[in-house]
Amino acid sequence: MTSPEERPPSAVLGRIPATPRWKPGRDKNNEAAMMLHAGRVDEAGALLGEVVALTRVADVDGEGLDMRARALLNLAAAHEFRGDLVEALRTADEGLAAASEALELIGDERATRTVQLNGMLARAQTLTQMDRLDDALAGIDDAEALLDSEGLDQRELLQFSVHNARTAVLIVTGRLQEADDEAQRALAVALPVGPALSGHAYANLGVIAQRTGDDEAAREYLQLAHRAQELSGDATSRQHAVENLARAALQEGRMREAEEGFRKAAELAQQIGLTTRLAASRTGLAAVLLQSGRAGAAAKALRTLLDELDPDAAVHERLEAYSFLGDAESTRNRYLAADDAYRAALDLARSPRDRGRINLRRAEMHAEWASMSITPRSRRARLEKARDLAIPVLLVTEALRDGLAPGGTRERWSLQVAAPARELAFRLARTLGDSALLFQLVENAAASVTLQASAAADTAVILPFERPSGPRDDVWERDELPAAAAGLLGGEGTASVRFAPPPRVVAVPGGEPVLDEWIRTAEAEYGIPLRTETTVPAW
């Protein structure tokens with residue numbers, strides 16, 4: 001995943017030349033901004049501290065406040081590069097306050113509004129890394145609302161940064177269709193501005209493709225991102241590009257290429273001082289060790305990394321490290337340690353997709369543990385624990401499909417992303433000898449609801465090219481479609497389409513809906529609706 005790209009605030013030129021009083025500080029700030037661009041973070045931070053000190057005078061004027069805002073917002077970026085997110089946020093808030101004061105005193109004669117908007121988006125990026133996702137989205141919305149400001153400089157670049165920042169948050173929250181839409185908007189803005197800018201949009205599209213099971217598209221997007229970011233001259237962008245390509249190689253099983261890529265990405269991150277990206281690359285290297293059969297070395301590397309990470313900052317990096325640590329300990333048959341690691345990852349996971357991904361790994365671990373059990377009683381207890389984890393994961397993963405627009409991605413989700421949970425659930429039901437559960441799983445997998453007259457009022461099929469009339473207008477206004485409409489739409493969607501939850505399916509006349517108890521368990525665990533209370537018979 002990439003961070004939003006914008007020029008540093010110092011690169012926004014004022015509409016009149018700097019006065020002699022502030023010109024030395026302005027020149028230092030611009031020099032420091034170029035240092036950040038080249039990855040010389042410590043040098044830049046020291047120089048920016050000097051610039052801020054120049055403005056700490058009683059008679060500071062509007063131009064001095066504008067310069068303070070630029071320097072502080074660049075300094076916030078330096079803190080973020082080092083992984084000090086708390087200080088980055090504090091510094092950004094001080095910089096934004098200085099920008100507001102400057103605007104009150106001298107208006108936008110020095111393009112301070114653009115500086116302010118850049119700072120708001122950079123602050124949202126920091127909040128994203130701190131896992132304060134609602135605050136990050138609110139900050140992006142606030143920045144977007146100012147894009148129509150009269151005489152705004154770099155409007156297209158800021159518009160791109162808004163879309164790109166929002167894409168990053170939506171990916172983290174698991175809202176992949178919305179993220180894809182937003183990334184496409186970012187790309188449409190970026191291409192006319194300059195090819196280097198498009199690298200960030202391509203990288204995000206690659207991450208989305210990875211998470212929706214399209215490895216070929218992911219590889220193509222990430223290669224485009226790498227080529228674009230090589231052109232940018234931006235050290236942080238180059239590091240991101242190398243890391244993303246290594247992650248794609250890992251996902252596709254190209255271990256030697258993945259290891260080389262993560263080592264290069266780690267070296268680049270260390271040279272630049274990108275603490276969180278260094279952690280992500282080290283996690284990737286540990287994953288390579290794990291998948292290459294070196295589970296002990298992987299576990300040791302991950303525990304060392306976790307001891308070094310800031311518990312209040314590197315939320316997403318710690319989530320991934322704990323997840324892989326669970327895998328490593330499970331591979332070593334250290335199941336209690338594995339479950340502890342998975343539970344630590346769950347404590348950091350927010351989106352239903354991430355929670356489901358971790359719980360599926362826990363379910364697989366418990367199933368493996370059952371095979372190592374000595375007594376029939378302990379074996380059955382662990383199989384049942386695996387079942388209790390796997391079936392809700394299957395149901396929530398299937399439900400997440402309804403957040404995707406009709407087309408190849410949506411169908412691939414069912415065939416590939418939900419497949420591991422489906423296969424495990426069937427295997428567990430069969431191993432436990434639970435024929436009733438097997439029957440319900442088969443019905444769930446094959447269910448297509450009938451739209452009989454008795455149910456039609458609640459499950460009417462509404463197509464996007466046909467405005468409904470009568471009592472179902474409320475469905476149209478919510479931009480929701482019943483899931484039964486999914487197969488009636490052709491082509492690949494270009495805008496978010498959210499299907500309403502489907503009804504519960506009754507397989508046997510007079511019986512309970514299929515997997516009804518499991519559906520309620522999954523809804524309580526993951527916090528999203530899976531089915532309506534309406535029931536319809538299966539075919």
Side-chain angles (χ1 to χ4, degrees), residues 212-213 352-353 356-357 359-364 366-368 370-371 379-404 406 408 410-452 454-455 458-459 461 482-488 499-526 528-539:
T212 54
R353 180 191 177 276
R357 180 168 56 93
N359 273 330
L360 179 61
R361 288 150 92 162
R362 286 182 70 207
E364 291 169 339
H366 279 283
E368 179 65 24
S371 71
R379 178 176 183 272
R380 184 168 189 86
R382 286 161 187 161
L383 286 171
E384 288 174 346
K385 178 63 176 178
R387 175 202 62 194
D388 293 348
L389 289 167
I391 294 177
V393 170
L394 167 62
L395 294 171
V396 78
T397 307
E398 289 178 337
L400 291 173
R401 168 182 181 263
D402 293 329
L404 299 170
R410 190 169 189 271
E411 300 315 310
R412 186 170 54 252
W413 184 276
S414 292
L415 294 172
Q416 295 182 23
V417 180
R422 186 180 301 114
E423 187 277 333
L424 181 59
F426 271 93
R427 179 158 51 89
L428 289 166
R430 185 175 65 250
T431 303
L432 285 165
D434 192 339
S435 57
L437 178 57
L438 271 172
F439 171 74
Q440 291 193 68
L441 288 170
V442 169
E443 287 294 329
N444 179 72
S448 296
V449 300
T450 59
L451 298 181
Q452 294 181 347
S454 60
D458 293 312
T459 59
V461 175
L488 302 179
F499 291 99
R504 296 170 195 261
V505 177
V506 176
V508 179
E512 292 294 316
V514 169
L515 296 177
D516 195 53
E517 181 180 344
W518 294 105
I519 289 169
R520 297 188 190 281
T521 298
E523 288 178 334
E525 168 69 21
Y526 294 98
I528 60 172
L530 306 186
R531 301 293 176 101
T532 66
E533 292 300 323
T534 303
T535 59
V536 295
W539 285 111

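Note that this is a predicted model, so its numbers are computed, not measured.
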Open item on the list: Pair Val505, Arg531 - check side chain to side chain contact (heavy atoms under 4.5 Å, CB included), show working.
Closed with: CA-CA 9 Å; Val505 177; Arg531 301 293 176 101; 4.0 Å; yes
Under the side chain to side chain donor-acceptor pair (under 3.5 Å) test, which residues partner [X], sequence neighbours left out?
X	answer
Arg412	Asp214, Thr409
Arg362	Asp339, Asn359
Glu525	Arg355

Taking every non-hydrogen atom, the tightest pair across [X] and [Y]:
X	Y	value
Val506	Gly511	CG1-O, 3.7 Å
Gly213	Val417	N-CG2, 4.0 Å
Ile528	Pro352	CG2-CG, 3.8 Å
Ala418	Glu398	CB-CG, 4.4 Å
Leu441	Ala425	CD1-O, 3.7 Å

Is there a donor-acceptor contact under 3.5 Å from the side chain of Trp413 to the main chain of Thr397?
-> yes
Sorted by chain and number, sequence neighbours left out, side-chain contact (heavy atoms from CB on, under 4.5 Å) with Glu423 holds for Arg427
Sorted by chain and number, sequence neighbours left out, side-chain contact (heavy atoms from CB on, under 4.5 Å) with Ala421 holds for Leu360, Val393, Leu394
Here the side chain to side chain donor-acceptor pair (under 3.5 Å) pairs for residues 513-522, sequence neighbours left out, are Arg504-Asp516, Asp516-Arg520, Arg520-Glu533
